[in-house]
Structures are given as C-alpha cells and as structure tokens.
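These numbers were taken from a predicted model, which means no experiment stands behind them.
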Amino acid sequence: MSDAPVPLLSHGPPETVLPPEPSEIRAALAAAADSDDPVGAVGASCAHWPLSLEAWAALGEALESSAATPALAYAAFRTGYHRGLDRLRASGWRGSGYVRWARESNRGFLRALSGLQRVAAAIGEIDEAQRCALFLLQLDPGWPPPDAVAGPDAEV
C-alpha cells in the first residue's frame with residue numbers, strides 16, 4: 001500500500017471523454033440497422049472494426065432483440081465492455097472518475113456495459129448484473145439518462 005496521499009479535487013472526480021468513432025463506422029452501423037440481416041451486418045462491422053465500441057454495443061443489442069441465445073448477446077456486450085476499458089485507460093482514465101452519457105463518444109462503452117448488466121441478469125448472473133449497475137452509477141451518477149438504450153423493447 002502506498003503512503004502517498006490521494007488528491008481530492010474540489011470540483012469532484014475527473015471526467016474521461018473517449019474519442020469519437022470514425023464516421024465510416026457510424027455509417028456502416030446505420031446501414032446495418034436497415035439491412036435484412038442486422039445481426040450479420042453489424043457482426044461484419046465488428047469484424048471489420050474490432051476496436052469499435054459502437055459496433056460491439058450494436059451487435060449485443062441486435063442479438064438481444066433477435067431470437068439468438070442470450071449468451072451471444074452477453075459475449076458481444078462483454079467484448080464491448082472490455083474494449084471500452086482498454087480505450088478508457090488509453091484516454092487517461094485510471095479506474096475512477098466520470099464517464100458520462102452526455103458525452104456522445106462515451107455511449108458505445110456505456111451501452112455495452114448497460115447491455116452486459118441486462119443480459120447478465122437475464123441469464124442469472126446476478127452478481128455481475130449488480131456490479132455493472134453499480135459501475136454505471138459510479139461512472140455517471142445520473143444513470144440511466146432518459147435517452148439511454150434500455151434494451152430491445154425500450155421506447156426511446
């Protein structure tokens with residue numbers, strides 16, 4: 001354990017903002033959503049841009065909405081979550097501080113984490129669902145924002 005003091009900022013924890021996804025990824029995901037096979041099209045986007053948080057979140061949501069087994073949605077959301085942690089660390093996040101929904105570029109990560117929470121609960125992985133719920137509140141104390149994706153049946 002370190003004897004170094006923990007700096008307390010008078011304005012609260014730091015905020016991390018992820019860099020935005022390239023426009024070509026967003027365009028491909030928009031086209032995939034309108035395709036005859038959204039799961040396949042979004043999956044192709046994940047294969048083409050494996051670091052895209054938006055793509056992994058969209059794949060989890062597409063799988064969650066389809067008749068696919070929940071384990072597939074769980075895997076996609078978990079991949080987006082872990083890729084997101086890597087991206088957060090590369091952006092200066094050190095395990096604490098805000099990652100807010102209000103910053104559009106953070107939404108792929110937060111959608112993946114929220115999806116992981118939902119699917120974990122659906123498959124009986126209650127401890128993980130609770131950890132995800134707590135983590136979402138730590139990252140954004142206003143969670144869930146009214147315009148967040150809440151699942152396949154959500155009205156946005």
Side-chain angles (χ1 to χ4, degrees), residues 1-22 25-26 29 33 38-39 42-43 45-46 49-156:
M1 182 187 312
S2 172
D3 291 331
V6 175
L8 299 177
L9 306 172
S10 61
H11 58 278
E15 180 175 0
T16 302
V17 180
L18 294 169
E21 297 269 3
I25 294 172
R26 296 177 142 261
L29 292 173
V39 170
V42 175
S45 293
C46 289
W49 297 287
L51 299 180
S52 171
L53 306 181
E54 291 283 336
W56 287 109
L59 181 59
E61 291 160 359
L63 287 163
E64 192 178 13
S65 296
S66 74
T69 176
L72 296 176
Y74 180 91
F77 285 134
R78 194 152 192 60
T79 300
Y81 165 69
H82 281 284
R83 297 278 183 177
L85 289 176
D86 293 342
R87 181 96 53 87
L88 282 169
R89 289 182 191 108
S91 296
W93 185 77
R94 296 292 173 249
S96 66
Y98 297 129
V99 179
R100 296 184 188 271
W101 178 264
R103 306 294 192 153
E104 191 172 335
S105 58
N106 291 341
R107 291 182 180 183
F109 171 70
L110 294 170
R111 286 173 41 219
L113 179 55
S114 179
L116 182 59
Q117 175 198 4
R118 286 190 309 274
V119 177
I123 64 173
E125 201 50 60
I126 303 306
D127 288 344
E128 181 163 41
Q130 291 172 341
R131 282 190 303 272
C132 291
L134 177 59
F135 193 25
L136 283 163
L137 286 171
Q138 290 169 338
L139 294 171
D140 189 338
W143 190 264
D147 60 340
V149 173
D153 300 320
E155 293 181 22
V156 179

From W143 atom CH2 to L134 atom CG, the distance as rounded to the nearest 0.5 Å: 14.0 Å
Closest approach of A102 to D140 (non-hydrogen atoms, all atoms of both residues): N-OD2, 4.5 Å
In chain order, what residues pass the side-chain hydrogen bond (donor to acceptor under 3.5 Å, both in side chains) check against R103, with sequence neighbours excluded? E15
Between V119 and R78, is the side-chain contact (heavy atoms from CB on, under 4.5 Å) condition met? List the steps. CA-CA 10 Å; V119 177; R78 194 152 192 60; over 6 Å; no
Grab the two heavy atoms, one from A112 and one from G80, that are nearest each other, plus how far apart they are. CB-C, 3.8 Å
Contact check, side chains of H82 and L85, non-hydrogen atoms, under 4.5 Å: yes
Minimal non-hydrogen separation, L139 against G97, with atom names: CD2-O, 3.7 Å
Verdict with supporting geometry, Y74 and L63, side-chain contact (heavy atoms from CB on, under 4.5 Å): CA-CA 9 Å; Y74 180 91; L63 287 163; over 6 Å; no
Do you know which two heavy atoms are closest between L110 and V99, and how far apart they sit? CD1-O, 3.5 Å
Does the pair V17 and S91 meet the rule for a side-chain contact (heavy atoms from CB on, under 4.5 Å), with working shown? CA-CA 7 Å; V17 180; S91 296; over 6 Å; no
Heavy-atom pair with the smallest gap, counting every atom of W56 and P50: NE1-O, 2.8 Å
Nearest heavy-atom approach of G60 to A73 is O-CB, 3.7 Å
Which residues satisfy the side-chain hydrogen bond (donor to acceptor under 3.5 Å, both in side chains) test with Q117, sequence neighbours excluded? none
Aromatic ring pairing F135/Y81, orientation class (parallel under 30°, perpendicular over 60°, tilted between): perpendicular
Value rounded to 0.5 Å, distance of CG in N106 from CH2 in W93: 11.5 Å
How long is the span from the CZ atom in R94 to the CG atom in L88, to the nearest 0.5 Å? 10.5 Å
Using the salt bridge (Lys or Arg N to Asp or Glu O under 4.0 Å) rule, take D86 and R83 through it: C-alpha gap first, then chi angles, then the decisive distance, then the call. CA-CA 5 Å; D86 293 342; R83 297 278 183 177; 5.7 Å; no
CG of L137 to SG of C132, rounded to nearest 0.5 Å, is 11.5 Å
Interatomic spacing from CD in E125 to CG in L116 - rounded to 0.5 Å: 9.0 Å
Just by modelled atom types, is the S96 backbone N or O under 3.5 Å from a matching donor or acceptor in the Q138 side chain? no
Using the side-chain contact (heavy atoms from CB on, under 4.5 Å) rule, take F77 and E61 through it: C-alpha gap first, then chi angles, then the decisive distance, then the call. CA-CA 8 Å; F77 285 134; E61 291 160 359; 4.0 Å; yes
May I have the step-by-step check of salt bridge (Lys or Arg N to Asp or Glu O under 4.0 Å) for R107 and E54, ending in yes or no? CA-CA 8 Å; R107 291 182 180 183; E54 291 283 336; over 6 Å; no
Between P144 and W101, is any pair of side-chain heavy atoms under 4.5 Å apart? no
Nearest-0.5 Å distance, CD of residue E64 to CG of residue L59: 11.0 Å
